[in-house]
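A short worksheet on the structure shown next.
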Amino acid sequence: MTTLAVLATATATGCGGFVDEGPTDQEIKDTTGLTVAEASPIVEHNLELVWPQQVKVERAPLPYSGIGCRTNNSMMSDGPPWQLRVTREEANPPQEFIDRALANLEAMTTRGFTLVPSQRPDVDPADRFYRDARGYTVSSSLDTAVGPTKEVRFSMTATSPCAAE
């Protein structure tokens, strides 16, 4: 019985270091000052710039369009603050579609984005990740043989650094 109580106490206190980790909303306000209202149109515009077809992107309301910058006691991301994210996906795109998208990503280097090389040797050449000095990112991903119909899915995502509400 004593062993069980010690084990339960050790387990409960062992996770204590992970609970509520990450910047608070106030810390973001005090450091970068970036807000969701300021970051949202930038993220939307970045995806509009890289998507190979003309599109108007509108971010869904939080929390559906964000990743919390904190970790809660269930070890899940939690906000505020939020890292905003918008994604578009195309099923079975022609190669020309992918080529235009990759050219648009490369063009983001003229806007201060830098390609972050993948550390995985088996990564598809269409999987790319670019980041700018402020922490905004744009990326692409090609998934093959998805689902029972073995679809090819090409997606592009734009994100922000952590932003306060």
Side-chain angles (χ1 to χ4, degrees), residues 22-23 25 27-29 31-72 74-165:
D25 217 38
E27 287 170 338
I28 295 298
K29 289 176 184 174
T31 56
T32 67
L34 183 65
T35 66
V36 167
E38 294 167 325
S40 185
I42 295 170
V43 169
E44 293 165 355
H45 185 65
N46 285 344
L47 188 60
E48 291 168 354
L49 289 172
V50 297
W51 191 250
Q53 298 170 331
Q54 188 170 353
V55 64
K56 176 67 178 142
V57 175
E58 291 187 24
R59 183 181 59 78
L62 290 169
Y64 306 108
S65 63
I67 302 166
C69 295
R70 299 184 54 76
T71 303
N72 67 21
S74 297
M75 303 303 292
M76 302 293 291
S77 71
D78 199 12
W82 301 98
Q83 181 184 40
L84 303 180
R85 174 180 58 191
V86 290
T87 300
R88 290 201 53 101
E89 184 177 272
E90 182 77 16
N92 299 314
Q95 187 59 48
E96 299 80 28
F97 183 93
I98 295 170
D99 292 344
R100 278 194 313 272
L102 298 180
N104 291 348
L105 273 174
E106 183 60 28
M108 293 298 280
T109 59
T110 64
R111 294 175 171 268
F113 284 79
T114 305
L115 176 65
V116 178
S118 174
Q119 301 300 311
R120 293 181 35 208
D122 63 337
V123 70
D124 190 288
D127 292 357
R128 298 191 186 169
F129 184 86
Y130 291 75
R131 175 181 282 126
D132 75 2
R134 300 172 299 170
Y136 287 91
T137 69
V138 288
S139 61
S140 62
S141 176
L142 184 67
D143 294 322
T144 57
V146 177
T149 60
K150 306 297 183 204
E151 282 186 319
V152 172
R153 294 193 182 193
F154 181 75
S155 63
M156 301 189 87
T157 301
T159 66
S160 74
C162 290
E165 286 192 332

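Predicted, not measured: the structure shown is a model, and the values here were computed from it.
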Task: Spacing of CZ belonging to F154 relative to CG belonging to D143, to within rounding of 0.5 Å - done: 10.5 Å
Task: Over 12 non-hydrogen atoms of neighbours within 6.0 angstrom of CD in E58 - done: no
TODO: Could you pull out the closest heavy-atom pair between S140 and L105, with the gap in Å?
DONE: OG-CD1, 3.4 Å
TODO: Please lay out, stage by stage, how Y130 and Y136 fare under the test side-chain contact (heavy atoms from CB on, under 4.5 Å).
DONE: CA-CA 8 Å; Y130 291 75; Y136 287 91; over 6 Å; no
Open item on the list: With rounding to the nearest 0.5 angstrom, report the CG to OG distance, N72 to S77.
Closed with: 7.5 Å
Open item on the list: Which heavy atom of D25 sits nearest to which heavy atom of A164, and what is that distance?
Closed with: OD1-CA, 3.0 Å
Open item on the list: Nearest 0.5 angstrom please: I98 CD1 to M156 CE, how far?
Closed with: 10.5 Å
TODO: Give the intermediate values and the outcome of side chain to side chain donor-acceptor pair (under 3.5 Å) for residues S40 and E44.
DONE: CA-CA 6 Å; S40 185; E44 293 165 355; 3.3 Å; yes
Open item on the list: Working to the nearest 0.5 angstrom, can you tell me the gap between E89 CD and T157 OG1?
Closed with: 9.0 Å
Task: Close side-chain approach of P161 and T32, heavy atoms under 4.5 Å - done: no
Task: Audit row: T159, V43, side-chain contact (heavy atoms from CB on, under 4.5 Å) steps and yes/no - done: CA-CA 6 Å; T159 66; V43 169; 5.8 Å; no
Open item on the list: So F129 and F113, do their side chains get closer than 4.5 Å, heavy atoms only?
Closed with: no
TODO: Return the minimal non-hydrogen interatomic distance between E38 and P41, and the atom names on each side.
DONE: O-CD, 3.5 Å
Open item on the list: If you apply the rule side-chain contact (heavy atoms from CB on, under 4.5 Å), what do you find for N46 with R111, and how did you get there?
Closed with: CA-CA 10 Å; N46 285 344; R111 294 175 171 268; 5.7 Å; no
Open item on the list: Using every non-hydrogen atom in the two residues, find where P52 and N104 come nearest and quote the distance to one decimal.
Closed with: CA-ND2, 3.7 Å
Open item on the list: Quick check: closest heavy atoms across A91 and E151, and the distance to 0.1 Å?
Closed with: CB-OE2, 3.7 Å
Task: CD on E48 to NZ on K56, rounded to 0.5 Å - done: 4.5 Å
Task: Nearest atoms (heavy-atom pairs only) where L142 meets A126 - done: CB-CB, 3.9 Å
Open item on the list: Can you confirm whether R131 is buried at CZ, in the sense that more than 12 heavy atoms of other residues, nucleotides or ligands lie under 6.0 Å from that atom?
Closed with: no
Open item on the list: What I'd like to find out is whether the side chain of R134 reaches to under 4.5 Å of the side chain of I42, using heavy atoms alone.
Closed with: yes
- [ ] Any chance you could lay out the side-chain contact (heavy atoms from CB on, under 4.5 Å) test for V36 and R59, step after step, and finish with the verdict?
- [x] CA-CA 11 Å; V36 167; R59 183 181 59 78; 3.7 Å; yes
Open item on the list: Using 0.5 Å steps for rounding, measure from the CG atom of L47 to the CZ atom of R88.
Closed with: 7.5 Å
TODO: For residues W82 and C162, determine if any side-chain heavy atom of one lies less than 4.5 Å from a side-chain heavy atom of the other.
DONE: no
Open item on the list: If you define the side chain from C-beta out and look only at heavy atoms, does anything of T109 sit under 4.5 Å from L115?
Closed with: no
